[in-house]
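In this chain, residues are counted from 1 in sequence order.
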Amino acid sequence: QVRLVEIGGGSAQPGGSLRLSCTASGDVYCMGWFRRAPGMLREWVASIWRGGETEGLAAAVKGRFTVSRDSSENMMFLQMDRLKVESTGAYYCAARRGGTGCPTDSGGFDHWGQGTQVAVST
């Protein structure tokens, strides 16, 4: 079992930045970020391969968010710039230990963090 811990959530104003980190307790193959906005279903934000190649970013965050990875430390980061009010939500780190793909849907991941809250408001 791999444990995932997210840190870095907090409050920001629209146009501001936040950086999220996720640390895995063991080696994982693909990692991803998901967001659950208040009253909404969890949605995919980004996925990244072990080697650091980005699998993809959701259209809503492309150009504003950057996903990166330090596989030597089993860590993944989400740099969130030009935040919007709709960026508000709980952000979850997800990981997949094996397989041949890097999913962009929640069903493809088998380990989840507890989430960290991001609040963007004026």
Using the disulfide bond (SG atoms under 2.5 Å apart) rule, collect all pairs that involve residues 20-59, keeping only residues at least two apart or in two chains.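 Sorted pair list: Cys22-Cys93, Cys30-Cys102.
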How far apart are the closest heavy atoms of [X] and [Y], and which atoms are they?
X	Y	result
Gly9	Val118	CA-CG2, 4.2 Å
Val120	Pro14	CG1-N, 3.7 Å
Ala60	Arg64	O-NH2, 2.8 Å

Listed partners of [X] passing side chain to side chain contact (heavy atoms under 4.5 Å, CB included), at least two apart:
X	value
Thr23	Met75
Ala58	Trp44, Val61
Thr66	Gln79
Ala24	Val2, Leu4, Val28, Met31, Asn74

Using links of under 4.5 Å between side-chain heavy atoms of ILVMFWY residues, direct or through other members, which residues join Trp49 in one cluster? Tyr29
Tell me, which pairs form a side chain to side chain donor-acceptor pair (under 3.5 Å) where one or both residues lie in residues 82-97, sequence neighbours left out? Arg35-Tyr91
Do any pairs count as a side chain to side chain donor-acceptor pair (under 3.5 Å) and have a residue in residues 111-122, sequence neighbours left out, and if so which ones? none
Which residues pass the salt bridge (charged side-chain N to carboxylate O under 4.0 Å, His left out) test with Asp105, sequence neighbours left out?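 None.
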Look at the side-chain heavy atoms of Ile, Leu, Val, Met, Phe, Trp and Tyr, link any pair under 4.5 Å apart, and say whether Phe34 and Leu83 land in one connected group.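 Phe34 does not cluster with Leu83.
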Ile48 reachable from Met80 in the ILVMFWY side-chain graph, under 4.5 Å edges: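 Same cluster.
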Given side chains that start at C-beta, do those of Thr104 and Glu55 come closer than 4.5 Å, heavy atoms only?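 They are in contact (side-chain heavy atoms under 4.5 Å apart), so the answer is yes.
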Taking only residues two or more places apart in sequence or in another chain, which ones pass side chain to side chain donor-acceptor pair (under 3.5 Å) with [X]?
X	answer
Ser17	Asp81
Arg36	none
Asp70	Ser72

Applying side chain to side chain contact (heavy atoms under 4.5 Å, CB included), run through Trp33 and Phe65 and close with a yes or a no. CA-CA 11 Å; Trp33 287 104; Phe65 290 11; over 6 Å; no
